[in-house]
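A short write-up of the structure that comes next.
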Amino acid sequence: MTQIDQPLQLPPHPLDAFQLWFDDAVRARVPDPTIMTLATATAQGRPDARIVLFKGMSDGGFSFYTNYSSRKARELEANPFAALVFHWQELKRQVRIEGTVIRVSAGESDAYFQSRPRGSQIGAWASPQSEVISDREILIRRVEEAQSRFGEGLVPRPEFWGGYVVQPERIEFWEERPSRLHERIVYQKTVERNGTPQGMGWSQSRLAP
């Protein structure tokens with residue numbers, strides 16, 4: 001059987017499949033396997049996308065952190081649905097995720113914030129993320145003010161900063177193959193007839209490239 005004929009085989013649960021591929025990316029020393037595209041939309045459906053960093057699994061989903069006043073956070077509060085894309089070019093693989101978004105707990109945000117470098121902690125206090133500023137000197141002054149405020153002591157997490165989790169409802173695994181006959185395996189969360197999620201069940205299907 002040639003490479004073009006080899007079918008992609010993945011575990012029954014998509015989070016197990018993701019962990020396998022993520023571990024492959026780490027072992028392959030992909031420059032930064034945690035890089036992911038986050039796509040959001042306004043309440044009116046206007047899309048927006050940017051690169052963020054994956055910070056692990058939480059509440060059965062994919063977590064990241066941001067300022068709760070940022071553009072992405074405002075969009076998520078108004079329209080709590082998002083899409084993610086991981087692209088590991090070195091492995092010729094990508095993972096596409098769609099789902100609902102919730103905030104992580106305050107305790108979890110606190111724990112992650114304290115794991116960050118001190119400079120990043122100060123930066124979270126100093127930056128009015130996504131707001132218009134007249135010049136960079138404003139940021140420098142705000143950093144100096146935060147450094148003076150906290151001195152050498154503990155830097156607490158700002159109430160306006162924390163995590164979100166994209167809880168997946170659809171996950172697609174894509175792997176490049178010759179002649180553009182790529183492999184695509186999609187998992188869809190099973191639903192009851194009234195449209196509500198049915199436990200943690202997932203269906204698995206193969207898509208044409």
Side-chain angles (χ1 to χ4, degrees), residues 10-11 13-28 30-42 47-88 91 93-125 127 129-130 154-174 186-189 197 199-202:
L10 294 173
H13 198 289
L15 297 187
D16 294 335
F18 177 82
Q19 191 64 56
L20 286 174
W21 276 25
F22 185 79
D23 291 345
D24 285 347
V26 172
R27 282 193 294 269
V30 169
D32 191 342
T34 68
I35 290 174
M36 63 185 183
T37 299
L38 166 67
T40 56
T42 65
D48 186 21
R50 78 289 288 160
I51 299 296
V52 298
L53 298 181
F54 168 57
K55 293 301 180 180
M57 305 302 295
S58 175
D59 293 324
F62 300 79
S63 67
F64 63 94
Y65 288 80
T66 189
N67 186 310
Y68 287 143
S69 298
S70 65
R71 179 177 175 181
K72 70 177 85 62
R74 294 196 303 268
E75 290 171 350
L76 289 171
E77 295 298 330
N79 186 359
F81 299 92
L84 304 170
V85 180
F86 290 85
H87 181 216
W88 299 309
L91 300 180
R93 288 174 172 176
Q94 64 176 322
V95 182
R96 301 168 59 195
I97 300 152
E98 302 168 27
T100 57
V101 182
I102 62 171
R103 288 190 184 190
V104 306
S105 69
E108 192 167 347
S109 288
D110 287 341
Y112 173 69
F113 187 80
Q114 292 306 320
S115 75
R116 304 181 86 206
R118 188 176 183 84
S120 297
Q121 294 175 343
I122 293 293
W125 279 98
S127 175
Q129 190 172 352
S130 298
L154 177 74
V155 180
R157 176 182 64 89
E159 292 185 0
F160 55 78
W161 191 97
Y164 286 99
V165 175
V166 179
Q167 296 182 313
E169 297 174 355
R170 186 181 191 275
I171 305 183
E172 179 185 326
F173 293 80
W174 179 99
V186 63
Y187 296 80
Q188 189 81 41
K189 182 165 278 190
M200 292 298 290
W202 292 88

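The analysis underlying the following values was restricted to heavy atoms, covering all of them including side chains, and did not include hydrogens, waters or symmetry mates.
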Using 0.5 Å steps for rounding, measure from the CE atom of M36 to the CG atom of L53.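 Spacing of CE (M36) from CG (L53) equals 8.0 Å.
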Could you state the interatomic distance from CG (D24) to CG (L91), rounded to the nearest 0.5 Å? 6.5 Å
Nearest heavy-atom neighbours spanning [X] and [Y]:
X    : Y    : result
Q129 : S70  : CD-CB, 3.7 Å
I97  : P168 : CG2-CB, 3.9 Å
F160 : A124 : CE1-O, 3.3 Å
L76  : F64  : CD1-CZ, 3.8 Å
A82  : V101 : CB-CG2, 3.6 Å
A73  : S69  : CB-N, 4.4 Å

Flag the pair [X] / [Y] as yes when at least one side-chain heavy-atom distance between them is below 4.5 Å, and no otherwise.
X    : Y    : result
Y65  : V52  : no
E98  : E169 : no
W125 : W161 : no
L20  : L10  : no
S109 : Y68  : yes

Under a 3.5 Å cutoff, is there a donor and acceptor pairing between the side chains of Q114 and D110?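 Q114 vs D110: no donor-acceptor pair found between side chains.
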Hey, are Y112 and K55 close enough side-chain-wise for a donor-acceptor pair under 3.5 Å? yes
Mutual orientation of the aromatic rings belonging to F86 and F62 [parallel < 30°, tilted 30-60°, perpendicular > 60°]: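 Correct class here is tilted.
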Between E77 and R103, does any NZ, NE, NH1 or NH2 come within less than 4.0 Å of an OD or OE carboxylate oxygen?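 Salt bridge present between R103 and E77.
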Between N67, T66, T40, which is the residue that forms a side chain to side chain donor-acceptor pair (under 3.5 Å) with K72? T66
Give me the one residue out of V95, I51, T37, I35 that meets side chain to side chain contact (heavy atoms under 4.5 Å, CB included) with V85. T37
Should the heavy atoms of other residues, nucleotides or ligands under 6.0 Å from CZ of R74 be counted, would the total exceed 12? yes
Sole candidate of Y187, F54, F173, W202 that passes ring pair (Phe, Tyr, Trp, His ring centres under 6.0 Å) when paired with F18: F54
